[in-house]
Every structure is written in structure tokens, then in C-alpha cells.
Amino acid sequence: MNMNPTIRIEDIMQCVRPHLRGLQPYSSARDEFSGQAHIYLDANENPFGSPLLSVSVYNRYPDPHQQSLKERLAKLKGVAPGQIFLGNGSDEAIDLLIRAFCEPAQDRILITPPTYGMYEVSAAIHNVGVLKVPLLPEVFQLNTAEIIAQSRQAKLIWLCSPNNPTGNLLRREDIHAILTQVHCPVVVDEAYIDFSEDEGWLPHLEHYPNLIVLQTFSKAWGLAGLRLGVAYAHPQIIHLLDKIKPPYNINAYTQKMALQALDQRRQVALWIENTRRERQALSQALTNLPFVEKVFPSDANFILVRMQQASAIYRYLITCGIIVRDRSRVVLCDNCLRITVGKPEENRQLLNALREWQKNG
Ligand SMILES: Cc1ncc(COP(=O)(O)O)c(C=O)c1O
């Protein structure tokens, strides 16, 4: 069911840069022959193997369409494989979405600061303008009416929920209002959704032809080093991203390891549970420190904390060998540090260091 009968996927595809609509994508050797054979002389690979003797498969190009991985992920997430795009990190999906919808030196994206920095950087790389509708101060929720009003001038809207660096979920009714009242694609970046009790937007993908959900294997799944991000959207949007991606954007090792990781859901669930418990305990302990002014509620694996002398504390923590993120120069985040929830022992050491600061300060 389309929750926004006034907007159809055909309208959204009209937002695609005109020269890409008829683009003939690169056709790789594996596009032209995808069955089984015993002699492969079609891709100019090294037939002798790779110097990594124990793993000879790496002399061959990986599956450009990542079929096995998409099928597994589709089952897990309750979507069709055709609704999945896999990127070299979600950062690749962010880049490709801007490439797909925004004409350089002409179009603009809309972002809601403070938020993840790559939306703006990717736009700048492509010489695409950025409209900013800041979140509401202190509650960090969307200024929905203003976003809808300004959406006429935007080709893509970026929402991040739970938001980085503030940690909060964006209100469901606000995102629904935006999805149903704008006429451009809306990206909901759910890099941190696994740490929340909220189901996120994936179960509702079918209802909104303009919705693109981003998720990643870099956070709860613990695979930041493999670089694997996911965009879920209408098959026509996914087809577009597939057309403009580099042919072999997900390497063979990443595809293989991600498949193995998908068998370890219990382990991941335990880490998530642990992180939520630690988040609660750390938030409480931080609240009790006299120099801490505000601990913002978090649905992510980090906590935004406002404190007196945040930048000085940031530098002091470095001398203790503890690195957090100084966000105090970010809009609406003055005097704020963003602290990742660590292992219990790491959190204990952080709190000890902060108590020491208090004693000496
Ligand atoms: C909100 C958000 N989106 C996307 C990313 C990038 O994720 P990936 O590692 O998949 O490129 C990050 C990384 O910190 C993030 O905070």
C-alpha cells in the first residue's frame, strides 16, 4: 500500500539526473556469462591463482551483484533482494545517491544539522548545494514544517535516526509527515538502529515509494573494517544505484565474511544487549558528575554529553589515553562531547578519569 497516493515511484524517478535515466551500465564479464564453466578465459584474470596459497579464489573477480549475500540479507530483513543495494560502506551509498539525483552546480540536498558530516561533504565533492534546516534545540527533533516548506528546492532529503551526534531517534510522525508531503526521495540513515528498541523504517518500505533506508555492518555488526553498507528502497531506485556503481564494489572477502557474520546473530544480539545496559549505566554515572550539565537520551551506541569545559576535558582525556569526540564546535552542541559506549572496563576507566578531573579541577 502506498501511504502517499499523490507520489508515485514514476514521479521519484523523474528526480533522477536526466542523463542517467537512459544510461547503459558497464557490462562485466560476469554480467555476460553467469553460469558454471570449467575454463574461464573471459575476464583477464590470473589463471594460476593468487599468491595467497591457502585462498586461491581471490584471483577471480567477485560477484558484481552480490547475489548470495543479498538473498540472505533479504530473508533476514523481510524485503526482496531487488530492494537491496550493497555499498563499500554506507558512505558509498551516500555518494551514489547524490550522484544519482543531484545535478552539480544546480541542485541542492536538505540536511538537518547537527547530523552526520558525510552528507554535506559528499554534496560538496559533487558541487551540490546544501540547504540546512537545523534540528530543534535541546530536543534535537525535526522542524517538520520548515523541512516540508524548503523541500521544493531540494532533490534529496537526509534524515538520520538515531541521529549522529545527538543519539536520539527522530519522531515517527514527523518522518511520516515528510515522506508523505514532499516530492523528492527521503533518506533515513539508520546506521545505529540496532541499538534502539524501535523497529525503524524498513518494515514500512513498501508504503513509501520515496523512502530510502540506509543501514550498515560497521556498528552493531562489528564489521567496520570490511566496509559494507546497505541501502533499502524501491527496486527502481536500487536498479539506478546498481547502474552507476563501480562494477565490483564489494570485494570477495567482504562478501564471504558478511555471509558468515549473518550466521552469528546471537553474538550480535548479546553485544547489543550489553551496549544498551552499559549505555544506561554510563548515562546515569555521567549525570552524577557535578561538572556534567546534561546527558542527552540515546538510542545509539554513543552518548552526547554537555559539560563545563568540554574541550579541556577532551584534551585531558587524551593524556589519559582515552579518546572521545569533541563536538563542542558543532551547531547546537556547544560544550558537548560524544562518547562511544565501550566495554564495561573501558567505561569504568573513563569514569575514573572523569572523577580524577573533578578532584583536581
Ligand atoms: C549516521 C552514519 N551514517 C553512516 C555512517 C558510515 O557508515 P559506513 O561505515 O557504513 O560507511 C556513519 C559512520 O559513523 C554514521 O554515523
Side-chain angles (χ1 to χ4, degrees), residues 66 69-70 73 77 84-99 109-125 130 132 135 140-142 156-170 175 185-196 198 200-202 211-233 241 245-246 249-251 253-255 257-258 261-262 268 272 275 279 296 298-304 323-327 330-333 336-342:
Q66 309 103 21
L69 187 48
K70 282 185 181 172
L73 199 53
K77 297 286 181 172
I84 300 178
F85 168 82
L86 295 177
N88 184 3
S90 357
D91 286 337
E92 185 180 38
I94 293 169
D95 175 85
L96 288 176
L97 283 165
I98 292 177
R99 250 178 233 248
I109 63 165
L110 188 154
I111 65 170
T112 63
T115 193
Y116 181 48
M118 274 309 287
Y119 315 139
E120 188 170 359
V121 172
S122 264
I125 290 168
V130 178
K132 296 182 182 177
L135 295 174
F140 299 130
Q141 290 296 332
L142 297 168
L156 258 183
I157 296 176
W158 296 85
L159 309 176
C160 186
S161 180
N163 186 46
N164 178 5
T166 58
N168 59 295
L169 277 170
L170 300 178
I175 296 184
V186 178
V187 183
V188 180
D189 185 343
E190 295 188 340
Y192 300 97
I193 195 68
D194 295 315
F195 301 106
S196 164
D198 192 271
W201 285 87
L202 208 44
L211 171 62
I212 300 163
V213 176
L214 293 187
Q215 293 187 359
T216 179
F217 280 74
S218 298
K219 309 296 175 185
W221 284 91
L223 294 173
L226 286 186
R227 311 305 301 130
L228 187 61
V230 193
Y232 300 91
L241 295 177
K245 80 179 177 70
N249 63 327
I250 309 296
N251 70 68
Y253 188 73
T254 297
Q255 293 192 41
M257 290 299 110
L262 288 171
V268 174
I272 291 170
T275 300
R279 178 178 71 200
F296 291 93
S298 172
D299 266 282
N301 65 338
F302 56 83
I303 306 167
L304 190 73
I323 317 298
V324 298
R325 201 84 192 262
D326 185 1
R327 301 282 78 184
V330 170
V331 62
L332 301 181
C333 295
C336 284
L337 300 183
R338 192 196 71 186
I339 303 174
T340 303
V341 178

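Both counts, for ligands and for their atoms, begin at 1 and track the order of listing.
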J.: Parallel under 30°, tilted from 30 to 60°, perpendicular over 60°: which one fits the rings of Trp221 and Phe217?
T.: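 Rings of Trp221 and Phe217: tilted, 30 to 60°.
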J.: Counting only N and O atoms by type, is there a donor-acceptor contact under 3.5 Å from the side chain of Thr340 to the main-chain atoms of Gly342?
T.: no
J.: Establish, yes or no, whether a centroid distance under 6.0 Å links the rings of Tyr232 and Phe85.
T.: no
J.: Are the charged groups of Arg227 and Glu92 less than 4.0 angstrom apart, N to O?
T.: no
J.: Could you tell me which residues satisfy salt bridge (charged side-chain N to carboxylate O under 4.0 Å, His left out) with Lys77, sequence neighbours excluded, listed by chain and number?
T.: none
J.: Pick one: which of Tyr119, Tyr116, Trp158 meets side chain to side chain donor-acceptor pair (under 3.5 Å) with Asp189?
T.: Tyr119
J.: Which protein residues have a heavy atom closer than 4.0 Å to any atom of ligand 1, listed by chain and number?
T.: Gly89, Ser90, Asp91, Tyr116, Cys160, Asn164, Asp189, Ala191, Tyr192, Thr216, Ser218, Lys219, Arg227
